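Reading through the structure tokens given below for one structure.
Please read all numbers here as calculations on a predicted model, not as lab measurements.
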Amino acid sequence: MKEELLLIKLGGSLITDKSRPLTPRPEVIHRLGLEIKSALLKKKKIKIILSHGSGSFGHIPAKKYGTADGFQNRRGRFGACITSDIAAKLNRIVIQELISAGLPVTFIPPSSIFIAKNGKPFKIFIEPILILLEKGIIPVLYGDVIWDTKKGSSIFSGETCLKIVAQELMKRHWRIARDIQLGNEKGVLDKKGKIIPHITPVKFAKLHRIIGGSANQDVTGGMWHKVQESLEMTKSGIETLIASGEEKKLTYKAIIGKKVIGTIISV
């Protein structure tokens with residue numbers, strides 16, 4: 001492929017106020033959209049797949065009903081439907097703000113292209129994403145309830161969705177330049193609050209005890225999960241940048257290839 005393909009994940013802690021239920025940050029989403037648009041104008045041969053977290057939307061009902069653990073009872077089945085609906089509501093807000101910023105985006109509900117089995121990807125329907133990329137439209141995935149042939153329901157985070165898509169695209173000879181994960185932290189922090197500049201699979205064995213999860217409700221594991229999924233990406237040769245989307249212009253700089261403050265996860 002001549003175009004570079006970038007994976008960008010907008011963290012739930014960035015696009016929502018995770019300390020307050022159902023509280024989006026539309027002004028932040030809009031600004032990020034403008035920065036992505038500016039970067040695409042600067043580097044015209046970049047294609048992007050976006051994903052975002054569920055923040056103060058999906059995580060709360062998911063935890064309440066145990067959606068990640070499946071249909072343990074009738075209440076769990078109903079709760080999975082509630083969680084799916086709330087996650088989709090945040091996605092529509094994201095889509096609206098990105099469109100208003102001038103980005104050609106459309107939503108791809110992960111529940112419509114993935115089927116799980118015991119919490120793991122079982123079937124994948126990648127064709128809609130391939131068509132959108134070919135036509136110059138940015139697919140937007142999100143943390144979602146995934147219907148599971150064994151448990152009834154599982155949850156795939158925004159990071160997990162990007163990882164699965166990346167693996168499928170690489171089978172089709174797409175070259176993925178980088179995975180950019182944007183949250184409200186400047187990177188992966190140690191116990192003293194200092195940024196860990198570089199993590200490799202070897203270094204992780206020593207660092208894993210000082211990497212935390214999320215300060216708020218997060219059924220997918222917070223920073224710990226981000227690092228683990230990023231390490232999985234390294235097996236496919238994909239480098240990940242974990243950085244703060246709160247910093248203005250950082251998203252723009254990261255996309256066009258300028259050095260920014262953050263944590264690099266690579267081999």
Side-chain angles (χ1 to χ4, degrees), residues 6-20 23-25 27-29 31-32 35-36 50-60 62-63 68 90 142-143 155-163 166 178-235 238-267:
L6 289 179
L7 310 175
I8 301 177
K9 197 272 180 139
L10 309 179
S13 60
L14 176 63
I15 63 172
T16 74
D17 181 346
K18 289 187 78 171
S19 67
R20 300 170 60 194
T23 306
R25 301 177 71 195
E27 71 288 347
V28 172
I29 302 167
R31 173 180 59 79
L32 292 167
E35 291 189 33
I36 295 170
L50 282 172
S51 183
H52 66 80
S54 213
S56 63
F57 281 69
H59 286 293
I60 295 172
K63 187 172 184 178
L90 175 59
Y142 56 95
I155 289 180
F156 287 180
S157 68
E159 294 93 348
T160 299
C161 291
L162 283 181
K163 180 188 71 176
R178 204 181 209 189
D179 173 34
I180 300 172
Q181 295 194 27
L182 302 167
N184 62 351
E185 297 284 358
K186 291 184 177 181
V188 182
L189 307 180
D190 64 18
K191 288 183 178 180
K192 296 181 180 179
K194 293 183 178 180
I195 298 171
I196 302 170
H198 189 204
I199 296 174
T200 66
V202 174
K203 287 181 180 179
F204 180 68
K206 298 178 181 179
L207 294 172
H208 75 278
R209 293 182 182 178
I210 65 172
I211 297 171
S214 173
N216 300 289
Q217 297 190 64
D218 192 333
V219 296
T220 56
M223 186 61 77
W224 173 269
H225 175 73
K226 290 178 176 61
V227 173
Q228 287 185 311
E229 290 293 71
S230 299
L231 289 168
E232 283 292 314
M233 289 281 206
T234 66
K235 295 177 181 178
I238 301 171
E239 176 186 278
T240 296
L241 166 69
I242 297 179
S244 174
E246 300 280 8
E247 182 181 329
K248 293 181 179 179
K249 297 294 183 182
L250 183 144
T251 301
Y252 168 80
K253 292 175 184 177
I255 293 173
I256 67 172
K258 288 190 176 182
K259 187 174 181 179
V260 298
I261 294 172
T263 298
I264 297 292
I265 300 179
S266 64
V267 292

Which heavy atom of [X] sits nearest to which heavy atom of [Y], and what is that distance?
{"X": "Lys9", "Y": "Gly12", "answer": "NZ-N, 4.4 Å"}
{"X": "Thr200", "Y": "Val267", "answer": "CG2-C, 4.1 Å"}
{"X": "Gln228", "Y": "Phe204", "answer": "CG-CZ, 4.4 Å"}
{"X": "Gly183", "Y": "Leu14", "answer": "O-CD1, 3.7 Å"}
{"X": "Ile195", "Y": "Gly262", "answer": "CG2-O, 3.7 Å"}
{"X": "Ser244", "Y": "Leu182", "answer": "C-CD2, 4.5 Å"}

- [ ] List the steps, then state whether salt bridge (Lys or Arg N to Asp or Glu O under 4.0 Å) holds for Glu27 with Arg31.
- [x] CA-CA 6 Å; Glu27 71 288 347; Arg31 173 180 59 79; over 6 Å; no

Open item on the list: Any carboxylate oxygen within less than 4.0 angstrom of a Lys/Arg side-chain nitrogen, looking at Glu159 and Lys163?
Closed with: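 Not counted as a salt bridge, because no side-chain N and carboxylate O are separated by less than 4.0 Å.
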
Open item on the list: Assess, by modelled atom type and distance only, whether the side chains of Thr263 and His198 contain a donor and an acceptor separated by less than 3.5 Å.
Closed with: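 There is no such pair between these side chains.
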
Task: Donor + acceptor pair across side chains of Asn184, Ser13 (<3.5 Å) - done: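 Yes, because at least one side-chain N or O of Asn184 sits under 3.5 Å from a partner of the opposite role on Ser13.
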
Return yes if some donor-acceptor pair links the side-chain N/O of [X] with the main-chain N/O of [Y] below 3.5 Å, else return no.
{"X": "Thr240", "Y": "Ile265", "answer": "no"}
{"X": "Ser54", "Y": "Phe57", "answer": "no"}
{"X": "Thr23", "Y": "Thr16", "answer": "no"}

Open item on the list: Counting neighbours of CD1 on Ile256 that are heavy atoms of other residues, nucleotides or ligands and sit closer than 6.0 Å, is the number greater than 12?
Closed with: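 Result for CD1/Ile256: enclosed.
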
Open item on the list: Please enumerate all residues that pass side-chain hydrogen bond (donor to acceptor under 3.5 Å, both in side chains) together with Ser51, with sequence neighbours excluded.
Closed with: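 For Ser51, no residue satisfies side-chain hydrogen bond (donor to acceptor under 3.5 Å, both in side chains) once neighbours in sequence are set aside.
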
Open item on the list: Considering only residues two or more places apart or on different chains, which pairs with a residue in residues 178-193 satisfy salt bridge (Lys or Arg N to Asp or Glu O under 4.0 Å)?
Closed with: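 Output for this query lists Arg178-Glu239.
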
- [ ] Scan for salt bridge (Lys or Arg N to Asp or Glu O under 4.0 Å) pairs involving residues 240-265, sequence neighbours excluded, and state none if there are none.
- [x]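 Sorted pair list: Arg25-Glu246.
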
TODO: Show your working on side chain to side chain contact (heavy atoms under 4.5 Å, CB included) between His225 and Thr160 and close with a plain yes or no.
DONE: CA-CA 9 Å; His225 175 73; Thr160 299; 3.5 Å; yes

Spacing of [X] atom [atom1] and [Y] atom [atom2] [to the nearest 0.5 Å]:
{"X": "Thr251", "Y": "Leu10", "atom1": "OG1", "atom2": "CG", "answer": "7.5 Å"}
{"X": "Ile238", "Y": "Leu7", "atom1": "CD1", "atom2": "CG", "answer": "6.0 Å"}
{"X": "Lys203", "Y": "Leu231", "atom1": "NZ", "atom2": "CG", "answer": "12.0 Å"}
{"X": "Met223", "Y": "Leu189", "atom1": "CE", "atom2": "CG", "answer": "6.5 Å"}

